[in-house]
Peer 1: 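Here's a structure for you.
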Amino acid sequence: MEQLEPVGLINDEKIKSVFLNKFGSDLSPTDNYYVYISKEHGNGAGNYEINKIETNNNKIKLDINYVIKPLEIGTAVMNQRILFFRVQPNCKIIEVILSDQSRK
């Protein structure tokens, strides 16, 4: 499978629209979404959990953890995640910080 690019928070509206159209079919087209593409993970198991949210007026910083719980079983393939964050129309995500708890 081809790697998704770019990795990280997508700020380009055209690229963001491509991912929303391709993978966000059940998302409301009128809502304000931000798209985050993860790096590759070496296991099909695991998920992202929000660790901390910082707000400064209408600007948001997210701190997320990638966690594999003890009984989760996944395939041994490299894969990525596409995260959609919905925010109020007057809010903007300016930064996403990722911690990988599966490597500890």
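Start at 1 with the first residue, then count along the sequence. Since this is a predicted model, take the numbers as computed values, not measurements.
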Peer 1: Can a donor-acceptor pair be found, under 3.5 Å and without considering hydrogens, that links the side chain of Gln80 to the backbone of Leu4?
Peer 2: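 It does hold such a pair.
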Peer 1: State, with a plain yes or no, whether a side-chain heavy atom of Val87 is found less than 4.5 Å away from one of Ile93.
Peer 2: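 Yes; the side chains approach each other to less than 4.5 Å.
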Peer 1: Please name all residues satisfying side chain to side chain donor-acceptor pair (under 3.5 Å) with Ser28, sequence neighbours left out, ordered by chain then number.
Peer 2: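 Thr30.
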Peer 1: Should Arg81 and Tyr66 count as side-chain neighbours, where that means a heavy-atom distance under 4.5 Å?
Peer 2: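 Counting from C-beta outward, Arg81 and Tyr66 do come under 4.5 Å.
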Peer 1: Under the side-chain contact (heavy atoms from CB on, under 4.5 Å) test against Ile60, which residue among Asn56, Asn57, Asn58, Leu62 passes?
Peer 2: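 Single side-chain contact (heavy atoms from CB on, under 4.5 Å) partner of Ile60 among Asn56, Asn57, Asn58, Leu62: Leu62.
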Peer 1: Just to verify, what does Thr55 make a side chain to side chain donor-acceptor pair (under 3.5 Å) with, not counting sequence neighbours?
Peer 2: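 Thr55 satisfies side chain to side chain donor-acceptor pair (under 3.5 Å) with no other residue.
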Peer 1: Establish whether Tyr36 and Ile94 are linked, either directly or via other cluster members, by ILVMFWY side-chain heavy-atom contacts under 4.5 Å.
Peer 2: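 No, Tyr36 and Ile94 fall in different hydrophobic clusters.
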Peer 1: Check this for me: Glu5, atom CD, are more than 12 non-hydrogen atoms of other residues, nucleotides or ligands nearer than 6.0 Å?
Peer 2: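 Enclosed.
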Peer 1: Answer yes or no: is there a side-chain heavy-atom contact under 4.5 Å between Ile15 and Pro6?
Peer 2: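 They are in contact (side-chain heavy atoms under 4.5 Å apart), so the answer is yes.
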Peer 1: Between Asn51 and Asn65, is there a donor-acceptor pair closer than 3.5 Å when you use the side chain of the first and the backbone of the second?
Peer 2: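 No, Asn51 side chain to Asn65 backbone: no donor-acceptor pair under 3.5 Å.
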Peer 1: Mind listing the closest non-hydrogen atom pair of Asn32 and Pro89 along with its distance?
Peer 2: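 It is ND2-O, 3.9 Å.
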Peer 1: If you define the side chain from C-beta out and look only at heavy atoms, does anything of Glu54 sit under 4.5 Å from Asp63?
Peer 2: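 With C-beta onward as the side chain, the pair stays apart.
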Peer 1: Indicate the atoms forming the closest heavy-atom contact of Leu9 with Glu95, along with that distance.
Peer 2: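 Heavy atoms only, the tightest pair is CD2-N, 4.1 Å.
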Peer 1: Does Ile10 belong to the same Ile/Leu/Val/Met/Phe/Trp/Tyr cluster as Tyr33, with side-chain heavy atoms less than 4.5 Å apart forming each link?
Peer 2: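 As far as the 4.5 Å side-chain criterion goes, Tyr33 and Ile10 are connected within one cluster.
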Peer 1: For Tyr34, does the six-membered ring have the charged nitrogen or CZ of Lys16 within the cation-pi criterion, i.e. under 6.0 angstrom from the centroid and within 45° of the normal?
Peer 2: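 Verdict for Tyr34: a cation-pi partner in Lys16.
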Peer 1: Could you pull out every donor-acceptor pair under 3.5 Å between side chains of residues 17-24 and any protein atom, sequence neighbours left out?
Peer 2:
{"unit_1": "Ser17", "atom_1": "OG", "unit_2": "Glu13", "atom_2": "O", "d": "3.0"}
{"unit_1": "Asn21", "atom_1": "ND2", "unit_2": "Ser17", "atom_2": "O", "d": "3.1"}

